[in-house]
Amino acid sequence: MSSSSAPTHQDEFQSPSLPDQVAAAKGRYTEVFGNPPHWVVAAPGRVNLIGEHTDYNAGFVFPLAIERYTVIAAGRPLKTAASDAVRVHSTLFDETAEFSLSNLEPKRRDWTSYLRGAFAGCIERGLHPGTLDLVVDSKVPQGGGLSSSAALEVATATLVEAVTGRTLDPVDKSRLAQKAEHEYAGMPCGIMDQFSSALGAAGKLLLIDCRTETAELIPLDDPGVAVLVINSNVKHELTGSEYPERRAQCEQSAKLLGAATLRDVSSEQLEANRAKLDPLLYRRAHHVVGEIERTTRAAAALQAGDWPLVGELMYASHASLRDDFEVSCPELDVLVEAAQQIGAEGGVIGARMTGGGFGGCIVALVRAGREREIADRIGAIYLERTGLTATPFVTKPARGAHIVEG
Ligand code: ADP
Ligand code: MG
C-alpha cells in the first residue's frame, strides 16, 4: 500500500515548534497593531486516552496535554484606548474583534466568548488586566475534540496572570475557564479539558479524579509506545443539544438509582437496580459506570506496562461510546475499525474515539517507529471507505499552560 493513496499532511505529522509559533504570533501582532507585543503565553490542547463523558459524572479521566498550543501575544494599545477596551486578532479567522472588559456580554456568542468568559473569571478574582491588544494563534485543530476552546480559555487566564503579575491556583484557573465555557459559550462541559490544559506536564498523563479535582501524574515513558491522533475531519453539528441531553440523562439515572452521581454507582449496583431505569437510561448509565472502571484499570495497566490490556480497554471504551452512549459516528467507527484491523501484529496497541463525539479525532497507542506507516494504512482505509482524508499526527504528553515572555 503506497502512502500516496492517503495524503496525510506530512508537514503537520510531527509536533510544531512552539518557539517558531511564538515568533510568528509576535510578527503578526506587530503587523496588526503596529508595535511589538509585551507578553506571550501558551496553553495546550489535550487528548483523552480513556474516560469519556465521565468528568461531569464525578468520575475519572485519563488525558494528556498535547504538543499543540494556543499562543496569545499581547501588549498595550499604541494609541490611547478606553481603559477597558480589548482588541483581539485571530490568525485562524484572520479577523479582529473588539469587546470591553467592563461589559463582557455573557450572552454574546462568537469566538471571543471563550476569551470574554476567562477575563470575567479573572476579574471576579481581582485580577484586572486593563486595556489590551491580542493576537491568538492556535495549532490545536478547532472543533476536533482536542479542546481548542479550553486552550483558548486557559491561555487567556494565563495571559491575565502575566499582565497582572499575579498567580492563580491552577485548579482554580481550570474552574474559571470551565465556567467561561458554561456561561459564555453555553457548553455545560466537565472539568477535564481546562484541567488538562492548565495542569498538563511533559511526559505525564493525568489521571484526574473529577470528584476531588485532583490529578495523579502518570509517566508515559515507555520508549516503545507512541500516541497517534487521527482527525476524521468531520463534525456532525446535529442540533447541539446532544451534550446537555447526555448530561441530563446521566443526572436522571443517578437520581433514579438513589445516588448523588454515577461515580457513586458500581457495576454490581447498576445491574441489581436495572429495573429502576428505562432501557435508554440504563445504556447511558452502563457506559458511564463501565467507563469509570475502565479508566482506573487502564491507568493501572499502563503503569504495569500491560499494553494488551490497555488496548482492550480502549476498544471497549469505543464500543461503549458507540452502542450505549451513542456519541460516535460512522467516520470515527471506520477509523477505529481500521486500527483494530491492523491490530497488534501491525503495531497498533489500541484505539478509540476521543472527545465529546459526533466527529473529531480518534486516539491510538501504537508501537514507536511505526506511527507513520500505521497512520498511512488507516488513512488509506478511511479514504477508501468514506471518500474522506484523515489528518494524523503524533504527540507526546506536553507541558501545560505557561508564560513564555513577559
Ligand atoms: P474543540 O474545543 O473541540 O476544538 P469547540 O467547538 O469546543 O471545539 O471550540 C471551537 C471554537 O473555539 C471555535 O469555533 C472558535 O469559536 C474557538 N476557537 C478555537 N480556536 C480558535 C482560534 N485560533 N481563534 C479564534 N477562535 C478559536
Ligand atoms: Mg471545546
Side-chain angles (χ1 to χ4, degrees), residues 16 21-22 24-25 28-29 32 41-48 52-53 55-56 61 63 65-66 68-74 86-99 105 108-119 134-156 159 174 177-198 229-244 246-247 327 329 332 353-363 391 393 401:
Q21 187 186 356
V22 166
R28 191 62 168 269
Y29 183 99
V32 174
V41 297
R46 63 98 190 91
V47 67
N48 189 21
E52 215 66 74
H53 288 276
D55 60 348
Y56 56 79
V61 292
I66 55 175
R68 306 225 150 204
Y69 286 90
T70 294
V71 163
I72 302 182
V86 175
R87 290 190 296 182
V88 52
H89 179 86
S90 163
T91 61
L92 175 68
F93 299 129
D94 193 21
E95 182 184 299
T96 307
E98 295 185 26
F99 54 86
E105 306 174 87
R108 170 179 158 196
R109 297 273 190 268
D110 58 30
W111 62 266
T112 66
S113 298
Y114 307 94
L115 295 120
R116 286 183 282 109
F119 277 120
L134 315 172
V135 162
V136 172
D137 180 79
S138 185
K139 300 288 185 194
V140 186
Q142 60 131 345
L146 302 177
S147 268
S148 68
S149 60
L152 189 49
E153 292 147 6
V154 172
T156 303
L159 175 70
S174 29
Q178 179 195 23
K179 194 172 169 213
E181 184 114 11
H182 286 192
E183 295 185 358
Y184 284 71
M187 173 66 175
C189 60
I191 193 75
M192 167 170 64
D193 304 351
Q194 293 79 10
F195 196 107
S196 313
S197 184
V229 179
I230 305 180
N231 195 336
S232 68
N233 291 317
V234 300
K235 183 77 201 158
H236 296 284
E237 285 303 335
L238 307 168
T239 65
S241 65
E242 287 74 15
Y243 189 98
R246 293 299 183 285
R247 192 174 171 147
V327 292
C329 64
L332 292 172
M353 58 158 274
T354 187
F358 307 111
C361 295
I362 70 157
V363 59
T391 312
F393 68 87

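Heavy-atom basis, side chains included; hydrogens, waters and symmetry copies ignored. We count ligands from 1, going down the list as the structure has it; atoms in each ligand are counted the same way.
- Glu95 and Trp111 are linked by a side-chain donor-acceptor pair at a separation below 3.5 angstrom, with hydrogens and angles left out of the test.
- For Phe393, there are no ring-ring contact (aromatic ring centres under 6.0 Å, His included) partners two or more places apart in sequence or in a different chain.
- Aromatic rings from His53 and Tyr243 are positioned such that their centres are separated by under 6.0 Å.
- Summarising the geometry of Thr70 relative to Ser138, their closest heavy-atom pair is OG1-OG, 2.7 Å, with the distance given to 0.1 Å.
- Residue Met187: no N/O/S atom is found under 2.8 Å from the Mg ion (ligand 2).
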Which atom pairs, donor and acceptor, lie under 3.5 Å between side-chain atoms of residues 144-154 and protein residues at least two apart or in another chain?
unit_1: Ser147; atom_1: OG; unit_2: Asp193; atom_2: OD2; d: 2.8
unit_1: Ser149; atom_1: OG; unit_2: Glu181; atom_2: OE1; d: 3.2
unit_1: Ser149; atom_1: OG; unit_2: Glu181; atom_2: OE2; d: 3.2
unit_1: Glu153; atom_1: OE1; unit_2: Gln194; atom_2: NE2; d: 3.0

Would you mind writing out a table of all protein N or O atoms found under 3.5 Å from any N or O atom of ligand 1, naming both atoms and giving the distance to 0.1 Å?
unit_1: ligand 1; atom_1: 2 (O); unit_2: Ser148; atom_2: N; d: 3.2
unit_1: ligand 1; atom_1: 2 (O); unit_2: Ser149; atom_2: N; d: 3.1
unit_1: ligand 1; atom_1: 2 (O); unit_2: Ser149; atom_2: OG; d: 3.0
unit_1: ligand 1; atom_1: 3 (O); unit_2: Gly145; atom_2: N; d: 3.0
unit_1: ligand 1; atom_1: 4 (O); unit_2: Gly143; atom_2: N; d: 2.7
unit_1: ligand 1; atom_1: 4 (O); unit_2: Ser148; atom_2: N; d: 3.1
unit_1: ligand 1; atom_1: 4 (O); unit_2: Ser148; atom_2: OG; d: 2.6
unit_1: ligand 1; atom_1: 7 (O); unit_2: Ser149; atom_2: OG; d: 3.1
unit_1: ligand 1; atom_1: 8 (O); unit_2: Gly143; atom_2: N; d: 3.3
unit_1: ligand 1; atom_1: 14 (O); unit_2: Gln142; atom_2: OE1; d: 3.1
unit_1: ligand 1; atom_1: 24 (N); unit_2: Ser90; atom_2: OG; d: 2.8

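- Phe358 meets the ring-ring contact (aromatic ring centres under 6.0 Å, His included) test with no other residue; sequence neighbours excluded.
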